Amino acid sequence: MLNKKLADIFYEIADFLEIENIPFKPYAYRRASESLKNLSEEVEIIYKKEGRAGLDNIPGVGESIADKIIEYIETGRIKSYQEYKKKYPFEMREIISVEGLGPRKIKDLYQKLKIKNLKDLKKSAQEGKIRGLPNFGVKTEKNILEGIKFLNKSKGRFLLGKILPQIEQIEKKLKGLKEVKRINVCGSIRRRKETIGDADFLVVTDKPNPVMDFFCSLPEVVKVWGKGETKSSVRVEQGFNVDLRVVPEGSYGSALQYFTGSKEHNIQLRIIASEKGLKLNEYGLFKNKKRIAGGNEKDIYESLGMDYIPPEIRENEGEIEVALHSFGRLPKLVELKDIKGDLHCHSDWNGGENSILEMAQTAINKGYEYLGISDHTKFLKIENGLDEKQLAQQRKEIERLNVKLKIQNSKFRVLQGCELNILNDGRVDIKDEALGKLEYAIAGVHSNFKMPEKEMTERMIRAMKNPYIKIISHPTGRILKRREGYQIDLEKVFRAAKETKTILEINAQPERLDLNDINIKRALKSGVRLIIDSDAHQKEDLSYIKYGLYQSRRGWAEKRNIVNTFPLKKLLELFKEKS
DNA sequence: GCCGTTTTCGGCCCGACTGTTTTCAGTCG
């Protein structure tokens with residue numbers, strides 16, 4: 001957990017340096033921060049194993065930042081950071097989340113009005129005290145108030161699973177216009193990040209006016225922030241902003257590349273361009289004044305001597321080096337059509353909405369080969385968890401259903417699993433004898449989330465040693481925007497998963513997405529097998545699988561890494577490997 | 001503060017917009 005803490009500290013130090021108008025250093029600290037956040041190993045372990053040299057190998061970490069990391073590992077604090085905190089005792093990260101405020105303005109607000117947090121800020125703005133400050137005005141004051149309101153309402157980010165359907169609907173409507181020649185959504189939505197700040201559309205059209213008119217008067221639009229020939233910006237009823245930009249056909253590819261991001265990816269790309277004596281911006285890739293690429297995105301990457309990089313992995317997490325053929329190759333990312341089944345869903349046997357038959361029918365319509373029913377077990381009374389006897393009864397129903405399917409000449413099969421509860425000591429709530437009669441069992445932590453890290457890790461590893469438990473569900477327990485995951489040593493969990501041949505789940509519920517992208521990448525590095533599961537509680541939820549798929553693509557997963565891309569026979573053989 | 005095969009000093013992505021100014025600083029993506 002130190003990595004994240006240090007990443008936050010360095011990010012804040014960058015803010016402080018910006019306040020003091022110190023050039024370039026903020027950039028260095030932000031880079032180190034980003035690098036730590038995405039590190040697959042904990043810094044204290046690196047330091048213990050390899051000492052200072054190990055820290056020095058972390059990109060963006062040099063002498064001075066290594067010193068600070070060591071200081072923190074050894075003393076639990078960083079002196080220079082504490083001094084900054086004392087000098088600028090305001091809630092930087094809290095206030096900075098207000099749109100339009102950066103470190104410098106925040107410093108002015110503190111020094112002139114003693115504003116220390118969002119509450120102070122709101123009060124001063126409401127009392128009209130801000131408008132009189134140099135470089136502030138009535139409009140800034142008003143924007144601050146609106147910014148605070150927005151923050152309170154939305155906390156700034158939205159789940160991809162809530163936004164994407166809405167955006168796809170708007171895209172479809174815009175596509176229907178005869179004036180629209182090309183359209184794409186870009187930004188973090190195109191990269192399929194788990195949470196989204198806002199949405200951007202890019203459009204090619206000869207007649208921007210009717211397109212903008214149509215866009216700004218969509219029924220879901222509740223406010224028009226601005227409307228012009230090249231850019232319009234609206235708020236939709238769900239509370240997020242959508243921008244639409246019109247770009248010339250010849251710049252469409254470079255604009256798409258630029259507005260898709262990530263920012264870090266783009267910075268790196270521009271550096272590569274400049275090393276080749278080229279200049280890259282949203283209008284194209286230029287050699288001197290001549291545009292050598294821009295019309296489509298693939299040409300940009302190609303002209304820079306790179307393989308095309310799928311949007312989901314454009315995070316400057318090594319994809320650029322690989323695409324440049326410096327080492328390795330880009331992964332051939334898993335696709336939705338590769339998915340052959342779903343092994344984590346719930347039926348009406350434990351209080352779900354739909355019968356096993358209805359769930360199976362939906363799975364058949366999706367083109368799946370198999371569906372695993374994995375209802376909760378008895379410890380979860382609130383979910384009507386099944387006991388050994390009920391599992392046996394359910395088995396009969398599933399067998400009858402499979403016979404019927406066979407008669408209909410369908411190759412589709414329903415499997416019986418269950419979702420066990422990992423008790424405090426790592427045992428589970430169903431007897432082995434009953435587990436032996438199922439095709440597989442999933443196990444997950446559903447209670448006592450606040451256990452200390454060591455105990456939680458041992459708890460989960462003990463469950464993985466159970467030969468009947470083939471899959472661990474939602475391995476970190478996090479719920480987006482609501483709760484952090486449990487304290488758990490994932491490196492140990494990954495190692496144990498590999499040793500015990502236990503599959504880890506990528507739970508595709510939009511608010512879970514657990515494992516997440518970073519942990520998927522780490523798990524794959526450890527040689528762990530993964531599965532994407534919808535955890536559907538009703539038949540419609542089976543389509544959540546795509547959010548897990550996006551997440552696994554962001555984690556560089558290939559088809560071979562994801563076991564529910566395997567045909568049934570191979571999957572069952574895999575289960576037998578562990579026994 | 002970091003980085004490096006034109007490197008151990010000198011450069012660090014870049015353009016647009018906003019709100020404040022009256023030529024620009026700060027912020028954003």
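Here the structure is a predicted model, which is why all the values come from computation and not from measurement. By convention in this document, chain letters (A, B, ...) are assigned in the order of the sequence lines, proteins followed by strands, and residues within each chain are numbered from 1.
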Contact class for A:Leu17 vs. all strands (heavy atom < 4.0 Å): base, sugar-phosphate, or nothing?
nothing
Rounded P spacing from B:dC28 to B:dT23 in Å:
26 Å
Could you give the CZ-to-P distance, from A:Phe24 to B:dC3, as a whole number of Å?
16 Å
Passing candidate, salt bridge (Lys or Arg N to Asp or Glu O under 4.0 Å) with A:Glu558, options A:Arg553, A:Lys521, A:Arg329
A:Arg329
Without decimals, in angstroms, what is the distance between A:Leu280 CG and B:dC14 C1'?
10 Å
Spacing between A:Lys142 atom NZ and B:dT18 atom P, to the nearest angstrom:
13 Å
I want to verify a distance call: between B:dG29, B:dG26, B:dG15, whose nearest atom is closest to the A:Asn281 side chain?
B:dG15
Tell me yes or no: between the side chains of A:Glu12 and A:Tyr29, is some donor less than 3.5 Å from an acceptor?
no
Closest approach to the side chain of A:Thr140, judged atom by atom: which nucleotide of B:dA16, B:dC14, B:dT20 is it?
B:dT20
Looking across every strand, which nucleic acid part, if any, lies under 4.0 Å from A:Pro26 by heavy atom: base, sugar-phosphate, or nothing?
nothing
Rounding to a whole Å, what distance do you find between A:Tyr29:OH and B:dC2:C1'?
11 Å
With respect to the side chain of A:Lys25, which nucleotide from B:dG19, B:dC14, B:dG1 is positioned closest?
B:dG1
Name the nucleic acid region contacted by A:Ile65, choosing base, sugar-phosphate or nothing; use a 4.0 angstrom heavy-atom cut-off, strictly under.
sugar-phosphate
The complete set of ring-ring contact (aromatic ring centres under 6.0 Å, His included) pairs with one or both residues in residues 31-63 of chain A, sequence neighbours excluded, reads none
Rounded to whole Å, CG of A:Asn241 lies from P of B:dC17 at a distance of 17 Å
Let's test your reading of the model: under 3.5 Å, does the base of B:dG15 pair with the side chain of A:Tyr283 as donor and acceptor?
no
In whole angstroms, the gap separating C1' of B:dC12 from CD of A:Glu18 amounts to 14 Å
Donor on one side chain, acceptor on other, A:Asn266 and A:Gln257, under 3.5 Å
yes
Atom-to-atom span, CD1 of A:Ile144 to P of B:dG26 - whole angstrom:
15 Å
Please report the distance, rounded to the nearest Å, between CG in A:Leu285 and C1' in B:dC13.
14 Å
In whole Å, what separates the C1' atom of B:dG26 from that of B:dT20?
10 Å
Any donor-acceptor pair under 3.5 Å linking the side-chain atoms of A:Ser64 with those of A:Lys68?
yes
If I pick the P atom on B:dT6 and the same atom on B:dC2, what distance separates them, to the nearest angstrom?
24 Å
Would you say that more than 12 heavy atoms from the other residues, nucleotides or ligands in this model lie under 6.0 Å from the CD of A:Glu302, or not?
no
Only pairs with both distances under 3.5 Å count, Watson-Crick or wobble alike; so what is the partner of B:dT8 in this structure?
none
Reckon A:Lys139 touches a base, only the sugar-phosphate, or nothing at all at heavy-atom distances under 4.0 Å?
sugar-phosphate
What's the gap between B:dC13 and B:dC3 when it is taken at their P atoms, as a whole Å value?
14 Å
Taking atom C1' in both B:dC9 and B:dA16, compute the distance separating them and give it to the nearest angstrom.
33 Å
Under 4.0 Å, counting only non-hydrogen atoms across every strand here, what does A:Asn143 touch: a base, just sugar-phosphate, or nothing?
sugar-phosphate
Taking for each residue the nucleotide of DNA chain B bearing the nearest heavy atom, is the 5' side occupied by A:Ala28 or by A:Glu99?
A:Ala28
With the side chain defined as heavy atoms from C-beta on, A:Arg104 is closest, among B:dG29, B:dT27, B:dT20, to B:dT27
Under 4.0 Å, counting only non-hydrogen atoms across every strand here, what does A:Gln268 touch: a base, just sugar-phosphate, or nothing?
nothing
Closest-nucleotide mapping onto DNA chain B: is A:Pro23 or A:Pro134 further toward the 5' terminus? I mean the 5' end.
A:Pro23
Taking only the side-chain nitrogens and oxygens of A:Tyr27, find out if one of them lies under 4.0 Å from OP1 or OP2 of B:dC13.
yes
Choosing from B:dG19, B:dG15, B:dC13, which nucleotide comes nearest the side chain of A:Ile271?
B:dC13
Candidate pair A:Arg270 and A:Asn281, rule side-chain hydrogen bond (donor to acceptor under 3.5 Å, both in side chains), full reasoning
CA-CA 8 Å; A:Arg270 285 178 185 211; A:Asn281 58 30; over 6 Å; no
